[in-house]
Each structure stands twice: as structure tokens, then as C-alpha cells.
Amino acid sequence: SSLGLMYINGDSLAFSNTGNVRIYRIRDGVAELFSVDHTQAQKMVELGLMTSEKAATHPQRKKLTQYFGVMPDEVAFRPVIFEEKAEVGDMYVLCTSGCYENVSVSRMAEICDETDNAADFVKTVFAEAASAGCREDITVLAVKAEDPSMVVAPAGVSDSHNVSAH
């Protein structure tokens with residue numbers, strides 16, 4: 001299974017992921033990817049065998065090379081931890097491939113600008129991913145930095161059957 005983690009302490013954040021859960025920061029209308037996919041396709045990108053654009057549609061994009069629950073004799077689990085200082089207005093997004101393969105990163109940045117809070121962001125992103133015909137798990141979690149002391153407004157939704165947003 002894939003896993004995305006975020007730890008918040010004041011205006012300091014730490015993130016980690018395994019598998020193909022992605023973590024983005026949206027700041028001033030620009031989305032930046034903080035996580036690294038642990039997939040065969042990403043490995044080919046790292047080796048210079050293909051571009052990131054080609055990896056986005058490659059058949060091996062969902063074949064995980066590292067994942068939560070890995071057996072000790074399969075592969076060593078090596079989490080990467082990213083650290084960040086939040087600024088007021090930043091939106092941090094953790095999402096599954098059901099989200100980011102159906103709602104582009106640029107569209108997520110637009111939705112962030114169009115919505116007032118993390119809950120509305122999550123509802124809109126989820127609805128767009130579901131209406132795009134996604135047939136897999138859609139999970140979206142967002143945290144928005146609301147003031148200098150990093151009072152956050154978290155929101156999230158996950159639906160493995162694409163019935164409705166909760």
C-alpha cells in the first residue's frame with residue numbers, strides 16, 4: 001500500500017511518502033511536488049530512460065518499487081523526509097493517483113485560488129476527479145496555513161468506490 005504522512009509543528013512541516021501517494025505545496029498559484037513516486041516508471045525517469053511526461057502514462061507507472069507493508073526480504077524500505085516552512089495561504093495536498101491522474105496539477109492550483117478553505121478545495125478536487133471517470137481510489141487531504149502561527153484547516157475525503165464525497 002502507498003502511504004503519505006505530514007507532521008505539523010507550528011509553521012514547520014515534515015512530509016514523507018512511500019508508493020505513489022503524492023504531496024504538493026500550492027503557493028501563490030503554483031503547485032510544487034514534494035514527494036517522489038516509488039514506481040518502475042519513476043525509476044526509469046531517474047535512470048534517464050524516459051521523461052516525466054512519458055512516465056505519467058507509462059504502463060509501469062503503478063508498479064510500486066517501495067510501499068508500506070513491504071516484506072523485509074523484498075526490498076529495503078527507505079523513507080525520504082522533506083521539511084518545509086509554511087507561509088500564510090500555502091495549501092498542502094496529499095493525494096492518490098486517482099486524484100492526480102484525473103485533475104492536473106495546474107488545475108489543482110486554480111482550484112486553490114478559487115476556493116476559500118481546505119474543505120472546499122477537497123470537495124472540488126474530489127468532484128472533478130470522480131466526474132472525470134476515475135475507476136480507482138480517490139483520496140485527497142488538504143491542509144491550509146491560515147495564519148502565522150500555522151493554525152491549520154485540514155480537510156480530506158477518500159472513496160474507493162467513487163460513490164460520493166463525504
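This is a predicted model, so every value here is computed, not measured.
Screening K85, K144, R27 against D90 for a salt bridge (charged side-chain N to carboxylate O under 4.0 Å, His left out) leaves a single residue, R27.
Taking the side chain as every heavy atom from C-beta outward, S35 and V21 never approach each other to under 4.5 Å. Counting only heavy atoms from C-beta outward, the side chains of I111 and E128 approach each other to under 4.5 Å. Considering only heavy atoms from C-beta on, I8 comes within 4.5 Å of V143 through its side chain. The closest side-chain heavy-atom distance from N17 to F15 is not below 4.5 Å. Within the 4.5 Å cutoff, the side chain of E136 has heavy atoms near those of the S97 side chain. Under the 4.5 Å side-chain criterion, counting only non-hydrogen atoms from C-beta, F121 is in contact with I26.
The shortest non-hydrogen separation linking A118 to A142 is CB-O, 3.7 Å. When all heavy atoms of L94 and L5 are compared, the pair lying nearest together is CD2-N, 3.9 Å. Here the shortest heavy-atom pairing between A109 and G29 reads CB-O, 3.5 Å. Here the closest non-hydrogen pair linking A129 and C134 is O-CB, 3.5 Å. The nearest pair of heavy atoms linking A86 to A145 is CB-CB, 4.2 Å.
The hydrophobic cluster containing V105 does not contain V30, counting ILVMFWY residues as joined when their side-chain heavy atoms lie under 4.5 angstrom apart, directly or transitively. At a threshold of 4.5 Å between side-chain heavy atoms, the hydrophobic network of Ile, Leu, Val, Met, Phe, Trp and Tyr places Y100 and L33 in one connected group.
Going from atom CD of E84 over to atom CD of E32 covers 7.5 Å, rounded to the nearest 0.5 Å. Here the straight-line distance linking atom CD of E87 with atom CZ of R25 works out to 7.0 Å at 0.5 Å rounding. A distance of 5.0 Å separates CE of M91 from OG1 of T115, quoted to the nearest 0.5 Å. Distance check: N102 CG to S131 OG gives 8.5 Å after rounding to the nearest 0.5 Å. With rounding to the nearest 0.5 Å, the separation of SG in C99 from CG in D137 is 10.0 Å. The OG1 atom of T57 sits 8.5 Å away from atom CE of M50, with the distance rounded to the nearest 0.5 Å.
The main-chain N or O of D120 is found under 3.5 Å from a side-chain atom of N117 such that the two form a donor-acceptor pair. A side-chain donor-acceptor contact under 3.5 Å links T96 to the backbone of T139. A side-chain donor-acceptor contact under 3.5 Å links S2 to the backbone of N20.
By the 30° and 60° cut-offs, the orientation of the rings of Y92 relative to F34 is tilted.
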(message) Show, in sequence, the C-alpha distance, side-chain angles and deciding distance for E114 and R107, and conclude whether the salt bridge (Lys or Arg N to Asp or Glu O under 4.0 Å) test is met.
(response) CA-CA 10 Å; E114 295 166 1; R107 178 65 186 133; 3.2 Å; yes

